[in-house]
Amino acid sequence: MPELPEVETVRRTLLPVIGARIASVWDSGKGLHMARRPPRKKLQQLIGAQITAVRRHGKYLLLDTDGTKSLLVHLGMTGRLRIQPARAPQASHTHLVLGLGKRVLAFSDARRFGQIDVFERADERLHPALAPLGPDGLEPGVDADLLYASSRKRRSTLKAFVLDQSVIAGVGNIYASEALWRARLRPSKRAHRLTAASARELAAAIREVFEHALERGGTTLSDFVDADGTAGENADYLWVYDRAGQACPRCQTVIKRTVHQGRATYYCPTCQTA
DNA sequence: CCGGAGACCTGATAGC
DNA sequence: TGCTATCAGGTCTCCG
C-alpha cells in the first residue's frame, strides 16, 4: 500500500517518539511470522537506546538512536506503524512492539511483505536494502537530467522505469500511473525514447503527484493509516488510478486499464500520447 | 539488460 | 451461508 507519500505521512506522525527511550522490545518470534526480519537478539540491541530521529528514504523508514544502531522498517503492502498507549490491545498480525514508557510503537503487517532490520548506522550505505536505491523522490536530485540520463539505455517501458527504485526511490504502482498521466506520457512508451522535454515534464509530474498526495495524508485504498491510525484522503483525488471506465479529468476520454509486469496500469489513451 | 511469471502472505470482495 | 476466484499499495528470484 504505502508509497512515498504514505511512508512520509507515517514518518511525520512518528515524530513524537523522538526523545523516547526504548525500554523493551517484543517480537512475535519464529514460525508462522514475518519472513524478513532479523533475529530476536539483534532487535534487543535497541533496548535502552533513545530515539533521536525518524528519517525516510524512498519507502524505507529509519529510526535512529543515540547508540550506534538504527531500526529500518519497510511497510510492504499492509505494514502499519502505530503509536499507541501501552495498555492498548495489540492489533492482529503484530510483529514488533517497542515499549516507550507510557506508549508503544507497534508494527503490524497482515501480509508479511514488510521488512524490519537493525543495522549499524555507520554502515548505512552498505545496507543491502538501501544501497541500491536512487535519490528519494522528493529530493532535488530527481530532475530532468537524472531521468534523461538514466533512461538512455533502457528498452523497458516508462512504467517499469519509474517503478525502478534504483532510479527514483519511492514511486509505487499508484503514483507511477498518476505521474505518467500528469506528464502526458504513455506508460508503454520505451524509456530510451524519452525526450529531454518529456524528462522535464516527468520530473515535475513525479514531484507534483507526491506533493498532491502528501497534502491529503496519502492514499488509502483499504489498509493504509498513519502512526495515529488516521487514513489518507487522497484516494478521492486520484486522476487515473483505479478509475478505469471513468472520464479523464483532462479530456473526458474513458480511462483504460492495462497490465504491465502483472500490475495494473491506468492511463488516458487520448491525452497520454507522448 | 529486460519482461514475464511465480513466490511470498492474508484479507476483502464479487459472483455463484 | 458458504464456496471459489480474483485482486491488492511491494520486492525478489528464476527463466527465457
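In what follows, every chain begins at residue 1, and chains take the letters A, B, ... in the order their sequences are listed.
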Measure from the side chain of A:A110, starting at C-beta and using heavy atoms only, and say which of B:dG11, B:dC2, C:dA8 lies closest. B:dG11
Can you confirm if the aromatic rings of A:W26 and A:H95 lie within a centre distance of less than 6.0 Å? no
A:T219, nearest nucleotide to its side chain (from C:dG9, B:dG3, C:dT11): C:dG9
Without decimals, in angstroms, what is the distance between A:L4 CG and C:dG9 P? 17 Å
Under 4.0 angstrom between A:H93 side-chain N/O and B:dC9 OP1 or OP2: no
Which nucleotide wins on minimum distance to the side chain of A:M77, given the candidates B:dG3, B:dC9, C:dG9? C:dG9
Is A:R111 near enough to B:dG11 that one of its side-chain N or O atoms lies under 4.0 angstrom from OP1 or OP2? no
When you measure from the side chain of A:R257, which nucleotide among B:dT10, C:dG9, C:dC7 comes out closest? C:dC7
Are A:R56 and A:Y60 in a cation-pi contact, defined as NZ or CZ under 6.0 Å from the six-membered ring centre and within 45° of the axis? no
Rounded to whole Å, the OH-P distance (A:Y60 to C:dT11) equals 6 Å
Could you state the NE2-C1' distance from A:H260 to B:dC2, rounded to the nearest angstrom? 14 Å
Testing the 3.5 Å rule here: is there a donor-acceptor pair between the side chains of A:S108 and A:T94? no
With sugar-phosphate meaning primed atoms plus P, OP1 and OP2, does A:T157 contact a base, only sugar-phosphate, or nothing at under 4.0 Å between heavy atoms? sugar-phosphate
On the six-membered ring of A:W239, is A:R250 placed so that its NZ or CZ lies under 6.0 angstrom from the centre and within 45° of the ring axis? no
C:dC3 to B:dC8 separation - C1' atoms, rounded to the nearest Å: 25 Å
Round to the nearest Å and state the distance from A:I174 atom CD1 to C:dG9 atom C1'. 5 Å
Per-pair stack call A:F113 and B:dC8, 5.5 Å, 30°: yes
Just how far, in rounded Å, is P of B:dC1 from CG of A:D164? 11 Å
For B:dC9, which nucleotide in any strand shown is its Watson-Crick or wobble partner with both distances under 3.5 Å? none
Taking only the P atom of each, what is the distance from B:dA5 to C:dT6 in whole angstrom? 15 Å
Less than 4.0 angstrom between a side-chain N/O of A:K159 and OP1 or OP2 of B:dG3, yes or no? no
Nearest-angstrom distance from the residue atom CG of A:D109 to C1' of B:dC9: 9 Å
Check every strand shown and say whether A:Y175 touches a base, only sugar-phosphate, or nothing at a heavy-atom separation below 4.0 Å. nothing
DNA chain B nearest-nucleotide lookup for A:R154 and A:G262: closer to the 5′ end is A:R154
Counterpart base for C:dG9, defined by Watson-Crick or G-U wobble contacts under 3.5 Å: none
Cation-pi between A:R154 and A:F161: NZ/CZ under 6.0 Å from ring centre and within 45° of the ring axis? no
Polar side-chain atom of A:N234 near backbone of A:G217 as donor-acceptor pair, under 3.5 Å: no
Indicate whether OP1 or OP2 belonging to B:dC1 is found under 4.0 Å from a side-chain N or O atom of A:K153. no
State whether A:S156 places a side-chain N or O below 4.0 Å from either non-bridging phosphate oxygen (OP1 or OP2) of B:dG3. yes
Quickly work out the A:Q261 CD to B:dA5 P distance and round it to whole Å. 10 Å
Identify, between A:Y241 and A:A129, the residue whose nearest nucleotide on DNA chain C lies closer to the 5' end. A:Y241
Protein-nucleotide distance (A:D223, atom CG; C:dG10, atom P), rounded to Å: 12 Å
